[in-house]
Protein chains: 2
Amino acid sequence: MNWVVSNMPASEYFKDFFQHENKVYAQILADIAQGIYVSGDRLVTTALAKRYSTSINPIREAIKQLEGEGFVTSQKNSGARVANFSQATMRDVFEILQLLEPYLFDWYTQRYTQDCLLKLNDVLHQMRSLSADEHMKFRELDTEFHWLMYKHHYNKSAVQLWKKNKLILQALHGNIPISLARRQHAIDEHEKILSALVNKKPQDAIQALQDHITLGGQYWSKVLVQ
Amino acid sequence: MNWVVSNMPASEYFKDFFQHENKVYAQILADIAQGIYVSGDRLVTTALAKRYSTSINPIREAIKQLEGEGFVTSQKNSGARVANFSQATMRDVFEILQLLEPYLFDWYTQRYTQDCLLKLNDVLHQMRSLSADEHMKFRELDTEFHWLMYKHHYNKSAVQLWKKNKLILQALHGNIPISLARRQHAIDEHEKILSALVNKKPQDAIQALQDHITLGGQYWSKVLVQ
DNA sequence: TGTAAATGGATTATGTGTAATTTGAATTGG
DNA sequence: CCAATTCAAATTACACATAATCCATTTACA
């Protein structure tokens, strides 16, 4: 466990992704997403209270909330731990995303404006211009690309669910670097989605999105096997 | 707000649906599902502490967990309320169920045994033999029918998600009676699913399930409009 | 002597009481 | 009739007491 206090980077269109009024809750979650606490780590209330300079109760409540969201598990009289994000979990998460994303995306294909596409293009441009070692930043931009398309969907529960599963993936990936090949593929896939949107071919866009998710899932399951 | 302490009925195959080690949490959730607390009701910690004869902290933690699960919303310094289960929420929930159920069911169509089908048939038989006024019991059996098919799915997050959304629906329906016509239709739809399974026609079964969900959604959205 | 059970102390979770800040509504005054 | 103030009630945070768990060491027995 690493004791650097996390400091989520926030790009322009991405600020709203991690925001939460409860400071302690947001910090713990960000620390889980950043891999400062990893799967299975104990979350000792007294230690966290010191770390975030508050008392035990706020910590306990934040942990309970995270437990409700599935990021944390706890056993009676034996405290809380970061949830077991195993390989099986990743398969589960990917399968849920595979259900959700086309659903969320479908709405977007009927509502997007020129301005939206410009923003997407901007993010894509940032992805291209990243240096080879900025893995975290790349993943963040990838998520941001999708976030821009889903965030205004009318089904807020579905959007929240997507966010939650994305965060779990982020926690699972941790700091594992992405291969440059996969990065290029991801950029290409995003490009394909974007161009289908520009050319007003929603069916192609949906197909491209589904391919993108499947390929991403395949890549990560291979990487995490070893 | 009605102050009868809830007492969830539990049929044979359904016991595991509401079980939770935390007594206070389970009680509050059951009370929300039963409509004892309805959408928008304040959850005053001191009152709940008296009601469940405990102190404020356990109540606060249970509420935080329920907040994480989406059953409760809270504003800073202004306490917690039962989440706003509006009509829009119902549409959202149905749409998520529409994504989830075929996914969960697909696995079942490849794994069910003769014994499973007998249980399903048993539940169906109970549904048929209910008296006209047992609305709650009917809905419970309906849920149980689906629960039997999904509970053993490998994707536990998806199963939990399904449960959560089912509970929200239950809270939304509250004690609204079901028309006898809809009851008969529901029975017919279940019958169709079951017979497709018996005849080993998984595609037909999945189609029947999708129809069943769509028709249920249509019925309830009409009922809740007035 | 080796292994398993038992013991005990330290650590941590859980539950209760209490003080302080905030809220929201009723009351008062203009 | 509207605005400011006051006051009760509830939330929040904190300190403390109790109870359970964990881990290392010791003890008992084959």
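Throughout, a chain's letter reflects where its sequence line sits, starting with A, and its residues are numbered from 1. All values reported here derive from a predicted model rather than from experimental measurement.
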Subject >> Exercise: do A:Q98 and A:T214 side chains pair donor with acceptor under 3.5 Å >> reply: yes
Subject >> Evaluation steps, side chain to side chain donor-acceptor pair (under 3.5 Å), between B:D115 and B:T113 >> reply: CA-CA 5 Å; B:D115 188 50; B:T113 64; 5.1 Å; no
**OP:** Starting from P on C:dT14, measure out to OH on B:Y25 and report it in whole angstrom.
**Re:** 16 Å
**OP:** Let me have a per-nucleotide readout for nucleotides 9-14 of chain D, 5' to 3', with B, S or -, counting only protein heavy atoms under 4.0 Å.
**Re:** -SSBSB
Original post:
Do the side chain of A:R81 and the main chain of A:T73 share a donor and acceptor less than 3.5 angstrom apart?
Top reply: no
Original post:
How close or far is atom C1' of C:dT12 from atom CD1 of A:I63, stated in whole angstroms?
Top reply: 12 Å
Subject >> B:E101 versus B:Y150, side-chain donor and acceptor atoms under 3.5 Å >> reply: yes
Subject >> Distance, rounded to the nearest Å, where B:E21 contributes CD and D:dA20 contributes P >> reply: 15 Å
Original post:
What do you reckon, is NZ of A:K50 surrounded by more than 12 foreign heavy atoms closer than 6.0 Å?
Top reply: no
